[in-house]
**Q** 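Here it is, the structure, as structure tokens.
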There are 2 protein chains.
Amino acid sequence: MTHRSPARGRPAAFRRTRADHQTEIAEDYVELIAELMEERGEARGTDIAQRLGVSNATVVKTLKRLQDEQLIRQEPYRAVFLTDAGQKLAADGRRKHAIVEAFLMALGVKPDVARIDAEGIEHHVSADTLDAMERYLRHQSTNKSD
Amino acid sequence: MTHRSPARGRPAAFRRTRADHQTEIAEDYVELIAELMEERGEARGTDIAQRLGVSNATVVKTLKRLQDEQLIRQEPYRAVFLTDAGQKLAADGRRKHAIVEAFLMALGVKPDVARIDAEGIEHHVSADTLDAMERYLRHQSTNKSD
DNA sequence: AACAATGTTTAGCCAAAGCTAAATAGTGCC
DNA sequence: GGCACTATTTAGCTTTGGCTAAACATTGTT
């Protein structure tokens with residue numbers, strides 16, 4: 001009773017989407033931490049909460065998880081730091097975000113909408129899709145300068 | 001102590017992404033139900049579980065929620081039906097999915113990757129972005145026929 | 001019609017993300 | 001240096017989505 005479904009029904013896409021979701025929040029946090037450190041020298045739980053639009057308590061809890069996952073380091077009542085792994089994830093996330101956002105704007109989406117959509121989309125683009133977006137950006141800036 | 005952050009830090013984007021996320025699963029389910037009904041005349045819990053790559057028990061639980069939210073109708077040991085609201089949501093989701101997938105392929109992303117990415121992306125594209133994608137598709141098919 | 005096989009649901013568990021309210025720790029002022 | 005104020009953490013609750021194993025219906029066979 002193998003009962004194999006047609007190709008379009010395979011669960012890979014859904015699995016992948018669910019899996020992405022686990023990383024999404026981690027990525028959002030480390031990205032934000034990197035930004036905050038640039039902007040103001042340190043990332044404090046409260047600032048994260050404010051920026052994310054989430055309660056302080058939630059941030060504390062999530063940071064605990066991120067520490068368990070070795071993405072950040074943290075001492076009580078102190079600012080948060082990224083580990084190497086955390087920095088890598090942050091850099092990656094910011095790169096993706098930047099590409100997606102720039103791409104959407106190049107496509108003609110209004111900047112504020114592009115920002116919001118990019119936030120949602122960035123966690124779901126494969127390397128392939130990112131490449132395609134970059135190609136488009138290069139191509140189109142070439143055209144523009146004619 | 002207003003301490004207002006610069007525009008880029010406003011939590012709107014994150015809020016929106018979190019909100020989207022609440023609808024994602026509902027959308028996936030109703031889309032799948034619509035597909036199954038087309039393909040085989042009825043949508044059965046087990047088929048949903050299989051396609052989604054998730055256990056039967058999970059499907060039962062989620063369907064219960066969808067019923068509470070008036071997206072589906074269902075009697076024990078029977079197939080599932082979409083309410084009008086469910087049908088609308090499904091149609092909308094399928095439309096989005098189709099556009100995003102076609103768009104990615106037009107961009108040069110490989111079909112199987114396009115499918116997977118579209119699955120993740122479809123829940124995060126605004127009407128604006130969808131319009132832009134459609135515009136691109138029209139434009140590019142015009143070019144091709146030269 | 002009864003029973004075995006199969007399919008579906010229930011029960012009960014876990015983890016993650018969210019919240020509010022209460023407790024605790026730092027900081028700053030006198 | 002102590003006390004009040006503010007910031008941070010802890011406690012404890014909720015919802016959602018996931019799981020496995022056990023209970024319960026349905027169906028099909030004889």
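Every chain is numbered from 1 and lettered A, B, ... according to where its sequence line falls, protein lines coming before strand lines. Here the structure is a predicted model, which is why all the values come from computation and not from measurement.
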**Q** C/dG18 P sits how many Å from A/Leu52 CG, rounded?
**A**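 In whole Å, C/dG18 P and A/Leu52 CG are 7 Å from each other.
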
**Q** How long is the line joining CD of B/Glu75 and P of C/dG7, in whole Å?
**A** 21 Å

**Q** Are B/Arg95 and B/Glu134 within salt-bridge range, i.e. N to O under 4.0 Å?
**A**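 Answer for the salt bridge query: yes.
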
**Q** Would you indicate, yes or no, if C/dC19 has its OP1 or OP2 atom less than 4.0 angstrom from a side-chain nitrogen or oxygen of A/Thr58?
**A** yes

**Q** Considering only side-chain heavy atoms of A/Val54, which listed nucleotide, D/dG18, C/dG18, C/dT10, is closest?
**A** C/dG18

**Q** For D/dT10, take OP1 and OP2 only and decide whether either is under 4.0 Å from a side-chain N or O of A/Lys61.
**A** no

**Q** Taking only side-chain nitrogens and oxygens of B/Arg65, does any of them come within less than 4.0 Å of OP1 or OP2 of D/dT15?
**A** no

**Q** Round to the nearest Å and state the distance from A/Arg15 atom CZ to D/dC19 atom C1'.
**A**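 Nearest whole value for this atom pair: 13 Å.
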
**Q** Around B/Asp68, counting heavy atoms of other residues, nucleotides and ligands shown, do more than 12 lie under 6.0 Å from its CG?
**A**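 More than 12 within 6.0 Å, yes.
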
**Q** Measure the distance from CD1 on A/Ile48 to P on D/dA7 and round it to the nearest whole Å.
**A**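 Distance check: A/Ile48 CD1 to D/dA7 P gives 16 Å.
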
**Q** At under 4.0 Å, does any side-chain N or O of B/Ser55 touch on OP1 or OP2 of D/dG18?
**A** no

**Q** Using distance alone, with no hydrogens and no angle criterion, decide if B/Glu24 and B/His124 have a side-chain donor and acceptor under 3.5 Å apart.
**A** yes

**Q** Tell me whether A/Gln74 contacts the main-chain N or O of A/Gln67 through its side chain, where contact means a donor paired with an acceptor under 3.5 Å.
**A**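 Such a contact is absent between A/Gln74 side chain and A/Gln67 backbone.
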
**Q** Is any NZ, NE, NH1 or NH2 atom of the basic residue among B/Asp20 and B/Arg16 found under 4.0 Å from an Asp or Glu carboxylate oxygen of the other?
**A** yes

**Q** Tell me the interatomic distance from B/Leu66, atom CG, to D/dT15, atom P, rounded to whole angstroms.
**A** 17 Å

**Q** D/dT9 P sits how many Å from A/Leu63 CG, rounded?
**A** 8 Å

**Q** Starting at CG of B/Asn56 and ending at P of D/dA22, how long is that distance when rounded to a whole Å?
**A**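 Atom CG in B/Asn56 sits about 16 Å away from atom P in D/dA22.
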
**Q** Could you check how far CZ of A/Arg44 sits from C1' of C/dT27, rounded to whole Å?
**A**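 Interatomic distance, CZ of A/Arg44 to C1' of C/dT27: 12 Å.
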
**Q** Reading DNA chain C from 5' onward, which residue's closest nucleotide shows up sooner: B/Arg78 or A/Tyr29?
**A**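 The 5'-side residue here is B/Arg78.
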
**Q** Answer yes or no: does a side-chain N or O of B/Arg18 lie under 4.0 Å from OP1 or OP2 of C/dG18?
**A**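 So the side-chain polar atoms of B/Arg18 do come within 4.0 Å of the phosphate oxygens OP1 or OP2 of C/dG18, strictly under.
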
**Q** By nearest heavy atom, map B/Ala57 and B/Thr62 onto DNA chain D; which one lands nearer the 5' end?
**A** B/Thr62

